[in-house]
Amino acid sequence: MSDSHRVLVVHGPNLNLLGTREPEVYGTATLEEINGDLTAAAKEWGAEVEFFQSNHEGALVDRIQEAQSWADGILINPAGLTHTSVSLRDALVATELPIVEVHLSNIFAREEFRRHSFISPIAIGVICGFGPMGYGLALNALLEHLES
Ligand code: DQA
């Protein structure tokens, strides 16, 4: 597939707790395991991934802004900020990079407030409800988009 596409993978607030956080909703895989699997998939597909997790909106905005200088695309699970953050959306738009949004859970099958995403309208696509596998699907889709 792609040769040397570079992708920033962003994990939003509380995703550092994966493995123990509401396992009935988010599963038992840790963030480290998810990142490890994604690194292996990226290698197989000839791409490079860099990871960033933060519980702080401003830190996420800073890292996203920096990505404009080196990344070819952004894969993001904005977590709770999905439903609240205009600033995160604005930062993603400012990069002018293709964005893929991913969620472990099916946000449409949960509470009403999770059904609205500030990010989805500016993403090239959204993958949700497939647990950790969603990250690989999202990366695959982003790389295909970069190749097209
Ligand atoms: C989440 C869904 C969000 O609604 C929630 O706030 C999260 C995780 C998911 O991956 O399913 O923190 O983004």
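Every number for a ligand or one of its atoms is a count from 1 in the order of the listing. Predicted model only: the values in this text are computed from it and were never measured.
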State whether the number of non-hydrogen atoms from other residues, nucleotides or ligands found under 6.0 Å of Phe52 atom CZ is greater than 12. yes
Is a side-chain N or O of [X] found less than 3.5 angstrom from the main chain of [Y], in a donor-acceptor match?
X	Y	answer
Glu101	Ser120	yes
Arg114	Ile107	no
Asn55	Asn14	yes
His83	His116	yes
Gln65	Asp62	no

Less than 6.0 Å separating the ring centroids of Tyr135 and His11? yes
Approximate separation, where rounding is to 0.5 Å, of Ile119 CD1 and Ser85 OG: 6.5 Å
Got the closest protein heavy atom to [atom], with its distance?
atom	result
atom 11 (O) of ligand 1	Ser105 OG, 2.6 Å
atom 9 (C) of ligand 1	Leu104 N, 3.4 Å
atom 7 (C) of ligand 1	Tyr26 OH, 3.5 Å
atom 1 (C) of ligand 1	His103 ND1, 3.7 Å

Check [X] against ligand 1 and report side chain, backbone, both or neither, counting heavy atoms closer than 4.0 Å.
X	result
Asn14	neither
Arg114	side chain
Glu101	neither
Asn77	side chain

Is there any N or O on Arg110 that sits under 3.5 Å from an N or O of ligand 1? no
Short N or O distance, Pro78 and ligand 1, threshold 3.5 Å exclusive: no
Under 4.0 Å from a heavy atom of His83: which atoms of ligand 1 are those, numbered in the order shown and with their elements? 3 (C), 4 (O)
Quick check on contacts: which atoms of ligand 1 are under 4.0 angstrom from a heavy atom of Ile107? 2 (C)
Any heavy atom of Arg21 sitting closer than 4.0 Å to ligand 1? yes
Pair Glu50 + Arg63, salt bridge at N-O below 4.0 Å: yes
